[in-house]
Amino acid sequence: YADMSMYLAKSKGRNNFQFYSSELNEALLRTLEIENELKKAIKNDDFTLYYQPKVNLKTREIVGMEALLRWNNSRLGFVSPAEFIPIAEETGQIVAIGEWVLKTACKQMKEWQRAGFTSLRMSVNVSVFQFQHSDFIMTVKTALEENELDAKYLEVEITESIMQNIVDSMRILNELKSIGVKTSIDDFGTGYSSLSVLKRLPIDAIKIDKSFVDDVADKKDKSLVNAIIDIGVNLNLEVVVEGIEYEDQVSHLSINNCILGQGYLFSKPVPASDFEKIFMNN
Ligand code: C2E
Ligand code: MG
Ligand code: MG
Ligand code: MG
């Protein structure tokens, strides 16, 4: 690694040598440390799932939740999934981590159903590497069977990047469909996406990325997000608008009775016990 950072530093010019070499070393060390600590994370019981409600934007009724992974490491402290998930993908550790997430989310959903929280749907994020791994379908089936959870209460969120491997992805999506698991395209509109491919994908929902509603008061942004909502509705997809923080944002969205939303306005992701309280008061 020292060699590599020196090489990169030199290619940027001699004067920057010190700067680049130390910055790169620091970043590499952090990555290696995360990679190393991740190896023990499941065994050490470092992970938890938080849950963020998905609400019907018209009625404000909670219709489901998204499971979001949290990692608290004894040496590194709290590390954001935005930082450790890409590293886990890189190393392949995401397969074991993703399996833990699926099983934990299904177990929680079943517990909630037993407690009378019926008709809610649990969404789980699945990264491309995990999605395209040969064990994926079996892992999903096992998570459902072990917890006696009906497949229709589980939804898998994947990003548009699965479309780069369209043949495999179509096959996997169809397998999920045949099991009865719902599928959703996360961060919709930010990645490589062809609308003609979207038409052919056997998916159930799109989640419109937060960036489309950040400035929704702006005329162009408003047109854009409402056009995307329209496309989703016309393709018979469930539409979820992500990252809604202010009441004012909702008023710019052309919503009907089946548009869903998620964001700090309704609730941040919270531990299971807090989700229960929010749901009871909804
Ligand atoms: P995502 O799936 O798009 O999840 C939405 C992210 O936006 C979450 O961040 C959530 O906490 C945050 N968020 C929700 N509402 C708002 C809002 O109103 N304002 C703002 N500023 N943020 C909001 P988080 O939990 O840090 O997760 C980041 C990303 O990490 C996720 O994006 C997802 O791609 C990935 N991730 C999280 N958990 C898992 C997991 O279990 N497996 C995999 N493969 N990826 C995960
Ligand atoms: Mg998601
Ligand atoms: Mg998202
Ligand atoms: Mg994301």
Side-chain angles (χ1 to χ4, degrees), residues 34 38 41-42 46-55 57 62 64-72 78-109 121-133 136 139-140 143 154-162 182-191 193 203-216 225 228 238-250 253 260-272 274-275 278:
I34 288 176
L38 274 178
I42 293 179
D46 276 359
F47 289 131
T48 27
L49 291 182
Y50 273 32
Y51 300 92
Q52 187 180 36
K54 269 185 199 172
V55 308
L57 281 178
I62 296 176
M65 72 293 278
E66 175 177 6
L68 291 153
L69 188 56
R70 295 293 177 260
W71 182 33
N72 196 353
F78 169 79
V79 186
S80 160
E83 185 177 14
F84 74 80
I85 296 278
I87 296 170
E89 282 171 14
E90 203 56 37
T91 59
Q93 289 165 309
I94 193 67
V95 175
I97 296 171
E99 181 175 351
W100 182 89
V101 172
L102 269 166
K103 290 191 168 175
T104 307
C106 287
K107 185 164 178 257
Q108 181 62 71
M109 193 63 242
R121 193 191 300 149
M122 173 70 76
S123 299
V124 172
N125 292 288
V126 170
S127 48
V128 198
F129 186 83
Q130 184 192 357
F131 184 76
Q132 290 172 348
H133 192 274
F136 178 62
T139 304
V140 171
L154 179 66
E155 177 172 67
V156 159
E157 295 188 5
I158 57 255
T159 59
E160 286 164 87
S161 46
I162 62 149
K182 300 274 184 287
T183 51
S184 175
I185 302 289
D186 204 350
D187 307 339
F188 185 76
T190 60
S193 71
I203 53 165
D204 300 284
I206 54 170
K207 297 186 72 178
I208 301 175
D209 191 70
K210 177 180 184 299
S211 56
F212 292 95
V213 288
D214 281 342
D215 295 313
V216 71
V225 72
I228 302 173
E238 182 179 274
V239 176
V240 185
V241 182
E242 280 195 282
I244 301 175
E245 295 181 345
Y246 310 103
E247 192 58 58
D248 181 55
Q249 289 174 295
V250 182
L253 300 172
L260 309 180
Q262 227 182 325
Y264 294 173
L265 171 65
F266 312 108
S267 169
K268 287 195 171 185
V270 292
D274 291 351
F275 182 87
I278 293 169

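Whatever order the structure lists ligands and atoms in, that order sets their numbers, starting from 1.
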Of the backbone atoms (N, CA, C, O) and the side-chain heavy atoms from C-beta on, which set of K268 has a member under 4.0 Å from an atom of ligand 1: side chain, backbone, both, or neither?
neither
Answer side chain, backbone, both or neither: which part of L265 comes under 4.0 Å from ligand 1, heavy atoms only.
neither
Hey, which atoms in ligand 1 end up nearer than 4.0 Å to a heavy atom of G263?
15 (N), 18 (O)
N/O/S of N125 less than 2.8 Å from the Mg ion (ligand 2)?
yes
Run the side-chain contact (heavy atoms from CB on, under 4.5 Å) check on Y50 and M65 step by step: do they pass?
CA-CA 9 Å; Y50 273 32; M65 72 293 278; over 6 Å; no
Which atom, counting only N, O or S, brings E157 closest to the Mg ion (ligand 2)?
OE1
D187 and E157: side-chain contact (heavy atoms from CB on, under 4.5 Å), yes or no, with the steps?
CA-CA 9 Å; D187 307 339; E157 295 188 5; over 6 Å; no
Note: L49 and V101 closest approach over all heavy atoms is CD1-O, 3.8 Å
Heavy-atom contact under 4.0 Å between K207 and ligand 1?
no
Given the Mg ion (ligand 3) as the apex, I'd like the angle to OD1 of D186 and OD1 of D187, rounded to 10 degrees.
90°
Which bit of V101 gets closer than 4.0 Å to ligand 1, counting heavy atoms only: side chain, backbone, both or neither?
side chain
Within-cut-off N or O pair, D187 and ligand 1, under 3.5 Å:
yes
Distance-minimising heavy-atom pair for F212 and G189
CZ-O, 3.5 Å
Please identify which atoms of ligand 1 are closer than 4.0 Å to at least one heavy atom of D186.
1 (P), 2 (O), 3 (O)
Do we see a donor-acceptor contact under 3.5 Å between the side chains of E155 and S123?
yes
When you measure from the Mg ion (ligand 2) to each N, O or S atom of E66, which atom gives the shortest distance?
OE2
Under 4.0 angstrom from ligand 1, any heavy atom of Q262?
no
Nearest neighbour of atom 24 (P) of ligand 1 from the list P81, A105, S80, on a heavy-atom basis
P81
Side-chain heavy atoms of I62 within contact of V55, under 4.5 Å:
yes
Any idea which atoms of ligand 1 are less than 4.0 Å away from a heavy-atom of I244?
18 (O)
Heavy-atom closest pair, residues Y51 and T104
OH-O, 4.3 Å
Distance under 4.0 Å to a non-hydrogen atom of Q52: what atoms of ligand 1 satisfy this?
14 (C), 15 (N)
Only heavy atoms of E242, strictly under 4.0 Å: list the atoms of ligand 1 that pass.
3 (O), 5 (C)
Please name all residues satisfying side chain to side chain contact (heavy atoms under 4.5 Å, CB included) with E89, sequence neighbours left out, ordered by chain then number.
I85, I94, S127
If I compare all heavy atoms of A41 with all of W71, which pair ends up nearest, and what's the gap?
CB-NE1, 3.6 Å
Is L102 close to L154 at the side-chain level, that is, under 4.5 Å between some pair of heavy atoms?
yes
Closest approach of T190 and E160, non-hydrogen atoms and distance?
N-OE2, 3.2 Å
Ligand 1 contact by E66, heavy-atom criterion under 4.0 angstrom:
yes
Give the minimum heavy-atom separation between N125 and E66, together with the two atoms involved.
ND2-OE2, 2.8 Å
Minimum non-hydrogen distance to atom 31 (C) of ligand 1, winning option of L68, I158, V126, D209
L68
Short N-O contact, R121 and E238, less than 4.0 angstrom:
yes
Using a plain distance cutoff, I'd like to know if P269 has any nitrogen or oxygen under 3.5 Å from a nitrogen or oxygen of ligand 1.
no
With backbone taken as N, CA, C and O and side chain as the heavy atoms from C-beta onward, which portion of I97 lies under 4.0 Å from ligand 1: side chain, backbone, both, or neither?
neither
Near S127, which atoms of ligand 1 are under 4.0 Å from a heavy atom of that residue?
44 (N)
To the nearest 0.5 Å, what is the distance between OG1 (T159) and NZ (K207)?
12.0 Å
Considering only heavy atoms, which of F129, Y264, F266, W71 lies nearest to atom 22 (N) of ligand 1?
Y264
Which of the listed options, R70, Q249, E245, holds the heavy atom that is closest to atom 19 (N) of ligand 1?
E245
Does any N, O or S atom of E242, backbone or side chain, fall under 2.8 Å from the Mg ion (ligand 2)?
no
Could you walk me through whether V126 and V140 pass side-chain contact (heavy atoms from CB on, under 4.5 Å), step by step?
CA-CA 11 Å; V126 170; V140 171; over 6 Å; no
Does E89 have a heavy atom less than 4.0 Å from any atom of ligand 1?
no
Kindly identify the option in N125, V124, L69 whose heavy atom sits closest to atom 43 (C) of ligand 1.
N125
